[in-house]
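These notes concern the structure reproduced below.
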Amino acid sequence: MQISHTRWNLIGLIRIVFGIVWLIDAQFKWRPAFIDGMATYLTGALTGQPAAVQAWIRFWVDIVNINPTFFAIFVALAETALALALILGLFTNLAYLGGSLLAFVIWSTAEGFGGPYVVGSTDIGAAIIYLFVFALLFLTHAGAVLGLDARLSPRLGRWAFLGAGRPG
């Protein structure tokens, strides 16, 4: 099936808008409230969770408590880099992988896998949806449209897999 030029541009535009969403989210991570309260965001997800989920979240809390400021800045940098990669269409395959890992960690810790699942629960958390968005962006070669990957990937040689290359 051949994809029209307009549809390719829309795919690229979705990637860019998704990057803007991540950039907005990243700017919240640079605020002192997040940097100073990193561990608190994680411990807040413990309430009402089953023992296995609590153990998973506590594992991450223990790691973050080694140096909460470092981890908060790491998350802020990761979200900023991810946003810029999506907006610029630069090394997008790497961005999709990194974004998927970041979204999974957010969903499984700060969002507590979307739980606790009790009477009255209304959703499973937002970050899990990001995994599917990253998968679709990867499968549609979204980085190759309205981005730098189409020009850069052919010049990267054996590292070309980091970018999306040319579309279909």
Checklist entry - What orientation do Y96 and F134 show, parallel under 30°, tilted 30 to 60°, or perpendicular over 60°? => result tilted
Checklist entry - Below 4.5 Å, heavy atoms only, C-beta onward: do W107 and I129 meet side chain to side chain? => result no
Checklist entry - Going by heavy atoms in the side chains, are L90 and L84 under 4.5 Å from each other? => result no
Checklist entry - Would a distance-only check, ignoring hydrogens and angles, find a side-chain to backbone donor-acceptor pair under 3.5 Å from E79 to K29? => result no
Next on the checklist: Can you confirm if the aromatic rings of F34 and Y41 lie within a centre distance of less than 6.0 Å?
Outcome noted: yes
Next on the checklist: Any side-chain to backbone donor/acceptor pair from N65 onto V61? Under 3.5 Å, distance only.
Outcome noted: yes
Next on the checklist: Is the distance between the ring centroids of Y130 and F104 under 6.0 Å?
Outcome noted: no
Item to check | S108-W56 side chain donor-acceptor pair, cut-off 3.5 Å | outcome: yes
Item to check | Q49 side chain vs Q54 backbone, donor-acceptor pair below 3.5 Å | outcome: no
Checklist entry - Can any side-chain N or O of R58 pair as donor or acceptor with the backbone N or O of T43 at less than 3.5 Å? => result no
Checklist entry - Looking at side-chain heavy atoms only, is the closest gap between L137 and T92 below 4.5 Å? => result no
Next on the checklist: For a quick check under 3.5 Å, do W30 and T80 share a side-chain donor-acceptor pair by atom type?
Outcome noted: yes
Next on the checklist: Given 3.5 Å as the limit, does a donor-acceptor pair link the side chain of D149 with the main chain of A164, or not?
Outcome noted: yes
